[in-house]
Each structure stands twice: as structure tokens, then as C-alpha cells.
Number of protein chains: 2
Amino acid sequence: MENVYIPHLSVDCVLFGFDEKQLKVLVVKRDRVPGENPDLHSGLFKLPGRLIYEDEFLEDAASKLIKELTSSDDIHMQQFQVFGNPNRIQSPNDLLWLQTQTRLPIRRVVTIAFYALIKIEEDLTDMLERHNARWINLPEVKGLAFDHDEILQEAYAHLKKELTTSPLEFNLLPEYFTLNSLQSLYEVILDQHFDNRNFRKKILKMSYLVETDKTEQKVTHRPAKLYRFDADKYAQNQREMSLFFL
Amino acid sequence: MENVYIPHLSVDCVLFGFDEKQLKVLVVKRDRVPGENPDLHSGLFKLPGRLIYEDEFLEDAASKLIKELTSSDDIHMQQFQVFGNPNRIQSPNDLLWLQTQTRLPIRRVVTIAFYALIKIEEDLTDMLERHNARWINLPEVKGLAFDHDEILQEAYAHLKKELTTSPLEFNLLPEYFTLNSLQSLYEVILDQHFDNRNFRKKILKMSYLVETDKTEQKVTHRPAKLYRFDADKYAQNQREMSLFFL
DNA sequence: CAACTTAACGTACAAATAACGTTTAGTGTT
DNA sequence: AACACTAAACGTTATTTGTACGTTAAGTTG
């Protein structure tokens, strides 16, 4: 009874990345299968995902997918919505691919969607190539297989909402970053402009954002200080906050 | 192929109600089945829920459950989390009940949890009795079957968070209500005290909260004005807000 | 060392919040 | 009808936070 798929259940992952100016999404190529209608050109990319095994934790399935693509364990990841319409697999090509891939007589799949925040790094490129995966700018992603366009939009809506509640930003930025990168991230994700001086004042009030003695490199003007996220101070803060509710 | 259960998938609903002073949850009795261990006294109540049918929308399954219990169609309801641990059915009694109930060799069930906001009304009492259902004050609910205690806690956490974002309050209050009821609702759900005068000022700024010419009845002192929620004005507001993001 | 560019700091005003006090309109009692 | 009682409804002020700008400082390049 090992590694048997539950034919009705899958996980799909929306992996977000940020590269200073753009919010990006990781999509993987969906191979053509024999018998497909070759005239349908949409659906050639999809979100990373698969059916889950009979004894598998949902979170584990998602984690494993993410680890395969990024070789990283420590990723911010969260289940955000279930997509379960009986008719969510519209395209015959998609259904055929799924059946070929799994060798199961699949009709309906309910998928649990996760989103994850990834620090885009150069040394990922090889690994991604091997999985036929690539980063695409969020606004340019369309025509994904299944209902993955919709899943992506919901994931983005969720990210937007969450970012205003908790400091997710540090999961998308490198360890050391400038305040301007941080601002840019907020502007891109929330699709909103911020006054640089006010943004700076506001964000610096956060105790978990700490200055370092490093500075920006290879710029043709005054280099900015680099900051980092202090997870301990954040946890400390959270603990202090929750005391109010005792 | 009609009304065939998917043995791995269910919905569970957390129905919240409010009765002026307390946040309440609707639980239903889980009947004893032959072969049970009668010494186990926990798990005799559960959240409303059931397996879903092969061609059924998740939302429909949840809606139907809610309609059966409240005979109301127009209920604020939202999927909020999936509970899918392979070992989430811990109690042998629970598993046995599930198998007896469904006549299926069930091992693992992934459940999609919904929460819904109900206006508690007197004329519901009969209907609830027929379904062995009853309202319990949130803090007193414990020892539910399956992992329903956990589901309930997550639902409550979710409600708390959502209430600070959108005006869910009107789904829990009767059509006409006093500002004090409204305040009490906020205080109970958010577990936080508010200054009556400041609360009043803040909430009255909301255009969707409108005064009526009705007043509180049967009180032994100056009766308060009754207010109501103006859904149109709220929708209008939402539309205006979203124009900023164009 | 001057010109340039962006980082980093500062100020003034408006709006929102928090912590209070006061008046008013009902009910029930003498 | 005058009174006390109770909670509703309204008001005031100091403080904090947010917004919209102007100014100075520190590095790079030629």
C-alpha cells in the first residue's frame, strides 16, 4: 500500500518570487501526451502540483514539490483555498494528460492550493531547467492548464491581503536588502505607490527590521545601507502582543 | 451514478450565532452505533458535516447542510481551511460511526471546513431539535468528535481576523439592532473592550450603517435607536474603493 | 574638486485615536 | 407633576499617527 494516489485529491502550489522590480510566478511545462489535440496552444504550462498519496500529509506533498524545485526546506508556505468544482477540468487535453500521467481513470479532482514565497537565486537556474520550470512575471502569466489561471489570481489576492497583516516580505527578499528594495516589493505586490520618506519612517519603526554595517555594492552613486530581518525580535514581539489577550 | 460519496472528501461547517452576550456554535449529536466503546464520553457531539457526492460542488454540500438546519438560503458562508492529516480520525468510535453511517470502508477523510454566520431566531428551535442540534456558547464547546475541536478553534481565529477586515457583524445580528448590541458583538468576538463613546463615533462613520425610526422595546429606561445595515450603500462603497486600484 | 545622484533626515499640517466629561430622553416611583 | 434613576447620545481635549512636502549628506564619476 505504498505511494498509492488518491484519485480525487491533489495539491497545487503557487510559488511567488521577487526580483527587485517584478513579482514572478514559477510555472512548469506540461508535456504533450499522445492523443492530444495539438491545435490547443493554451495549457502548455501549469502550476507545480500532483495527486497526493493515501497516507501523505497535504503539507508534506506541497513541501516536497517545493523542495524538488528549489532544494530548500525552509520556505514560507500556506494552504489558502480549495478548488473543487466538479467541472474544473475543462480542457480534454488536460484530462488526458492527467490520466496518462497517473494511469488512473480520473474524472474529478479536488485540489488544495498552497502559495509559497521563494527567494529567487541564481543557483536555482539549473535545477529549474531540469524540471522544465521557469519564472514568469505575474502579469504575463495566462493560458495555464486546468483552472490554474484562477488559482493564481486567488493566490495573488491572498498574498496581497496577507502582506498587509504580517511581514511576509522577508521571505521574498535576500538576507540583506536595501529599504528601497523593500519599498519596491510593497509597491509591486500591493500595486500602490508609497512616498519614499514616509515609507522609510514607518517601516523603520518595526523592531524586527535591523540595520547592518553592510552597504549596497556596485552602484554608481551613494550606496544604501543593507538591512536584515530579525526573526527573534519578531517572535519576541508577537509574544508580547499576545499577552494583551490573556 | 447518483449520490455516490467520494470516500475521501467531506465538508464540515462551523455555524456561529450571536445572542446579545455570547458567541455560540451549532453542534449536532453524533448517535451511538453498535460496537462502540461506551466508556468514551467525548465525541458525542460534532460539527455538522458529511461526505460529498461525486458530482457535487463543495459549496453546495455546505449550503445544503446549512439550509437543513436553518431553512435559510441567504447565509454568509466561507471555506476557510482544509484538515487533511492522514491520522486526523483518532478515536475508534469516530471511525466506526463514519463507516456505519456511510457503509463505506473509510480510512482517511480530507475535510474542507466552512464557517457560516447565522442570525439566531426563536423559530429555529423546532428544526434544530429535529436534527439533534443545539447552540452552545463557544467557550463551553469541547470534546467534539474527530478533530472538530481544532476545526472550531481555527474557524474562530478566522472569524476574528475577518471581522477586522469586513463588516461581517450584520450577518449575526437581527435586521434591526442597537449600537450597543453591535459593540457587544465586537467585544465578544474580538475579546476586547471598547470605549462606548469612541466605538459609537467610529462605527457611525460607516455609511452602510443607517439609523431607523424604530426604537428598542421593553426596556426599563430610555430606549435606544435601532439601526440597520444598508447592503446597497456597502456595495456602492466597495465599488468606489476599488476604483483607486485602476 | 566640482557635478551628479540617490540616500537619509526633517518639518508642518491634517486626520485618526484614546481617554475622558456632560447632557438628554426615556422609565418608574412618590 | 416632580423626582430619582438609568442608559442613550453628544462633546472636549491631548496624543498619536499619517500625509505631503523640503533639505542635507554621502557616496560615485569625470
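Residue numbers begin at 1 in each chain, while the letters A, B, ... track the order of the sequences.
- Note: CD (B:Q183) to C1' (D:dA7) measures 13 Å, nearest angstrom.
- No side-chain donor from either of A:S184 and A:S181 sits under 3.5 Å from a side-chain acceptor of the other.
- In this structure, B:F199 has its ring center closer than 6.0 angstrom to the ring center of B:Y186.
- If you measure from atom CG of B:L209 to atom P of D:dA9, you get 12 Å, rounded to the nearest angstrom.
- Remark on the helix from C:dC1-D:dG30 to C:dT30-D:dA1: inter-end axis angle 0°, axes from five-pair C1' superpositions, rounded to 10°.
- Counting to the nearest Å, the C1' atom of C:dA8 and the CG atom of A:L182 are 16 Å from each other.
- A salt bridge does not link B:E175 to B:K214: none of the charged nitrogens lies less than 4.0 Å from a carboxylate oxygen.
- Side-chain contact of A:E140 with A:N137: a donor-acceptor pair under 3.5 Å is present, judged by distance alone.
- One can place CZ of B:R200 at 7 Å from P of D:dA8, the figure rounded to the nearest angstrom.
- Put simply, CD1 on B:I203 is 12 Å from P on C:dT17, counting in whole angstrom units.
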Letter per nucleotide, 5' to 3', of nucleotides 20-30 of chain C [B base touched, S only sugar-phosphate touched, - untouched; heavy atoms, 4.0 Å]: BB--BBBSS--
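- For the atom pair B:N85 CG and B:F83 CZ, the distance stands at 9.5 Å (nearest 0.5 Å).
- As a whole-Å value, the separation of B:F199 CZ from C:dT17 P is 13 Å.
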Identify each donor-acceptor pair in which a side-chain atom of residues 145-158 of chain B lies under 3.5 Å from a protein atom, sequence neighbours left out, and give them as a table.
{"unit_1": "B:D147", "atom_1": "OD1", "unit_2": "B:R88", "atom_2": "NE", "d": "3.4"}
{"unit_1": "B:D147", "atom_1": "OD1", "unit_2": "B:R88", "atom_2": "NH2", "d": "2.9"}
{"unit_1": "B:D147", "atom_1": "OD2", "unit_2": "B:R88", "atom_2": "NE", "d": "2.7"}
{"unit_1": "B:H148", "atom_1": "ND1", "unit_2": "B:L47", "atom_2": "N", "d": "3.0"}
{"unit_1": "B:D149", "atom_1": "OD1", "unit_2": "B:G143", "atom_2": "N", "d": "3.4"}
{"unit_1": "B:D149", "atom_1": "OD1", "unit_2": "B:L144", "atom_2": "N", "d": "3.2"}
{"unit_1": "B:D149", "atom_1": "OD2", "unit_2": "B:G143", "atom_2": "N", "d": "2.9"}
{"unit_1": "B:Y156", "atom_1": "OH", "unit_2": "B:I189", "atom_2": "O", "d": "2.8"}

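- Look at CD on A:Q217: it is 16 Å from C1' on C:dT6, rounded to the nearest Å.
- We find that A:E162 and B:K161 are joined by a salt bridge, their nearest charged nitrogen and carboxylate oxygen being less than 4.0 Å apart.
- Aromatic ring pairs are classed by plane angle as parallel below 30°, tilted from 30° to 60° and perpendicular above 60°; the pair B:Y208 and B:F170 is perpendicular.
- Distances shown here put a side-chain N or O of A:N180 below 4.0 Å from the OP1 or OP2 atom of C:dA7.
- Rounded to a whole Å, the NZ atom of B:K202 is 13 Å from the C1' atom of C:dA15.
- Taking the six-membered ring where the residue is Trp, A:F229 and A:Y234 present tilted rings, their angle falling between 30° and 60°.
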